[in-house]
Amino acid sequence: MIKVNNAIDVLEKALSENSSSRLVLATSFSVEDQTILHLLLQQTRKFRWFFLDTGRHYQETYDTLVRTREKYGIQPEIYLPDSTALSEMLNQKGPNSFYNNIENRKECCEIRKVAPLRKVLSTSDGWICGLRQTQALTRTNVEPFEWDGLFNLRKYNPLWNWNENEVWDYVAENSIPVNSLQRKGYRSIGCAPCTRAVKDDEDLRSGRWWWENPDQKECGLHKRGEK
C-alpha cells in the first residue's frame, strides 16, 4: 500500500505541474504501463496517452491495445514512423539490418521509435513513464522525478521503486488487461524481431536485443539528461 501511495504522489505531482494538454503517458502496453494507466485513471481522465506503433509489434500487443480501450473507454494517440525515412532504410539495408551491428539497430530504433517520440514530446511538458530501478542494468538509478535533457521536459516515474512481483500483484488485484505474452516468459516486450522469452533466473530485459551487451540495451527513448 505504501508504494501505491508513493506512485499516486508522483502522479498527483505530474498533474499539478502540467496542463492536461501537455501531460503525456507513454505506453507499450507492458504491465508497468498498464498499472500506471489504471492508477492515473483513478485520479483523472484529463491527460494524453500515446503508443508508438513501430510496424513490427506482436499481434498480442495490438490485442492488448484493443482490450484496454474497451475496458477504459479511451483511445491512445498512435504515432507511426516517417514513411520516407523507413522506406529509405529498408531499401538500402533490408528489413533485418538491426541484427548486423549496433549502429544499424540504433538507426532502426531512431526511425521507428525515437523520431516519432520526439514528435509527441515536442507538444509536451511532462512525460509519465513505467521505468523501474530493477528492470535493467541501465535503469538502476531511476528516480521518481527526473529532468530529461534529451527531450527537454520533466519525466515522472511513479513505479521507480516497485519490483516485478509488486506490479503483477497490483495487476491481479485490479483485473488489469495485460499482454498475454508476458505470462509466457516475455517479461519485457518490444518489436517482435528484437524480443524473446527469458527464463526466470535471467534479467528481465535480457530478452531485448539479446545479441548485445547489457549496458547497451536501450533504444534511445530513455537517455536521461542532467537534472
Side-chain angles (χ1 to χ4, degrees), residues 3-15 18 23-43 47-54 57-58 60-61 64-65 67-68 71-72 74 76-79 109 113-114 116-117 120-121 124 126-146 148 150-151 153-174 176-179 181-183 186-191 195 198 203-205 207-208 217-224:
K3 289 188 177 180
V4 171
N5 290 336
N6 288 342
I8 291 172
D9 288 343
V10 174
L11 293 174
E12 288 180 342
K13 188 171 180 63
L15 291 167
N18 302 274
L23 179 65
V24 294
L25 168 61
T27 186
S28 64
F29 297 98
S30 68
V31 288
E32 290 86 2
D33 296 334
Q34 294 292 83
T35 294
I36 295 172
L37 177 63
H38 186 272
L39 285 166
L40 191 52
L41 285 170
Q42 311 311 302
Q43 311 301 311
F47 60 91
R48 294 167 57 200
W49 178 47
F50 74 91
F51 171 61
L52 303 178
D53 187 351
T54 65
H57 287 294
Y58 288 100
E60 287 85 349
T61 300
T64 310
L65 187 162
R67 289 188 292 113
T68 303
K71 179 178 177 66
Y72 298 116
I74 56 175
E77 300 174 16
I78 297 178
Y79 291 83
C109 286
K113 299 172 74 172
V114 181
L117 177 70
V120 62
L121 293 186
S124 312
W127 177 17
I128 303 172
C129 303
L131 301 183
R132 296 188 295 103
Q133 293 173 344
T134 59
Q135 280 175 328
L137 179 64
T138 54
R139 299 183 178 180
T140 55
N141 295 322
V142 166
E143 298 176 4
F145 308 104
E146 299 181 326
D148 192 308
L150 180 63
F151 297 110
L153 83 173
R154 188 80 154 158
K155 183 182 285 187
Y156 303 88
N157 304 310
L159 305 184
W160 87 100
N161 62 345
W162 290 39
N163 63 41
E164 189 177 8
N165 288 335
E166 289 167 332
V167 177
W168 276 103
D169 287 345
Y170 187 85
V171 163
E173 290 168 5
N174 293 279
I176 297 173
V178 297
N179 191 322
L181 290 176
Q182 294 206 260
R183 301 187 188 279
Y186 291 77
R187 296 166 65 200
S188 177
I189 303 173
C191 292
T195 305
V198 300
D203 178 78
L204 186 150
R205 283 174 64 86
R208 302 287 295 277
K217 292 188 177 185
E218 292 289 354
C219 56
L221 300 187
H222 296 293
K223 291 181 179 179
R224 306 208 310 282

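Side chain of Q135 to backbone of R132: a donor-acceptor contact under 3.5 angstrom is found. A donor-acceptor pair under 3.5 Å is formed between the side chain of T195 and the backbone N or O of G190. Side chain of N157 to backbone of W160: no donor-acceptor contact under 3.5 angstrom is found.
Contact detail for G126 and Y156: the closest heavy-atom pair is CA-CE1, 4.0 Å. Nearest approach of I36 to G130, heavy atoms of both residues: CD1-CA, 3.5 Å. Nearest heavy-atom pair, T134 versus N163, reported as atom, atom and distance to 0.1 Å: OG1-CA, 4.0 Å. V178 and R67 get closest at one heavy-atom pair: O-NH2, 2.6 Å. Residue L11 comes nearest to L40 through the heavy atom pair CD1-N, 3.9 Å, listed as atom of the first residue, atom of the second, then distance. Residues G207 and V198 come closest through the heavy atom pair N-CG1, 3.2 Å.
Going from atom CD1 of I74 over to atom CH2 of W49 covers 4.5 Å, rounded to the nearest 0.5 Å. Here T35 contributes atom OG1 and I176 contributes atom CD1; the two are 4.5 Å apart, rounded to the nearest 0.5 Å. To the nearest 0.5 Å, atom CZ of residue R139 and atom CG of residue L131 are 5.0 Å apart. With values rounded to the nearest 0.5 angstrom, F51 atom CZ is found 7.5 Å from T27 atom OG1. Rounding to the nearest 0.5 Å gives a distance of 11.5 Å between CZ of R154 and CG of D148. A distance of 14.0 Å separates CZ of F29 from CG of L181, quoted to the nearest 0.5 Å.
For the pair Y186 and N179, the minimum side-chain heavy-atom distance is 4.5 Å or more. Taking 4.5 Å as the limit, some side-chain heavy atom of F47 sits within range of a side-chain heavy atom of L37. Within the 4.5 Å cutoff, the side chain of E77 has no heavy atoms near those of the V24 side chain. No side-chain heavy atom of F151 sits under 4.5 Å from any side-chain heavy atom of S124. The closest side-chain heavy-atom distance from W168 to Q182 is below 4.5 Å.
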Could you give me the CA-CA distance, side-chain angles and deciding distance for L117 and Y79, then say whether side chain to side chain contact (heavy atoms under 4.5 Å, CB included) is met?
CA-CA 8 Å; L117 177 70; Y79 291 83; over 6 Å; no
The test is side-chain hydrogen bond (donor to acceptor under 3.5 Å, both in side chains); show your working for T68 and Q34 and say whether it passes.
CA-CA 8 Å; T68 303; Q34 294 292 83; 2.7 Å; yes
Take L39 and V4, measure what side chain to side chain contact (heavy atoms under 4.5 Å, CB included) needs, and give me the verdict at the end.
CA-CA 9 Å; L39 285 166; V4 171; 4.1 Å; yes
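Among residues two or more places apart in sequence or in another chain, the side-chain contact (heavy atoms from CB on, under 4.5 Å) test is passed with N161 by K3, N6. Applying the side chain to side chain donor-acceptor pair (under 3.5 Å) criterion to D33, with sequence neighbours excluded, gives S28, S30. For E164, the side chain to side chain donor-acceptor pair (under 3.5 Å) partners two or more places apart in sequence, or in a different chain, are R187.
In summary, the aromatic rings of Y170 and H38 are positioned with their centroids under 6.0 Å apart.
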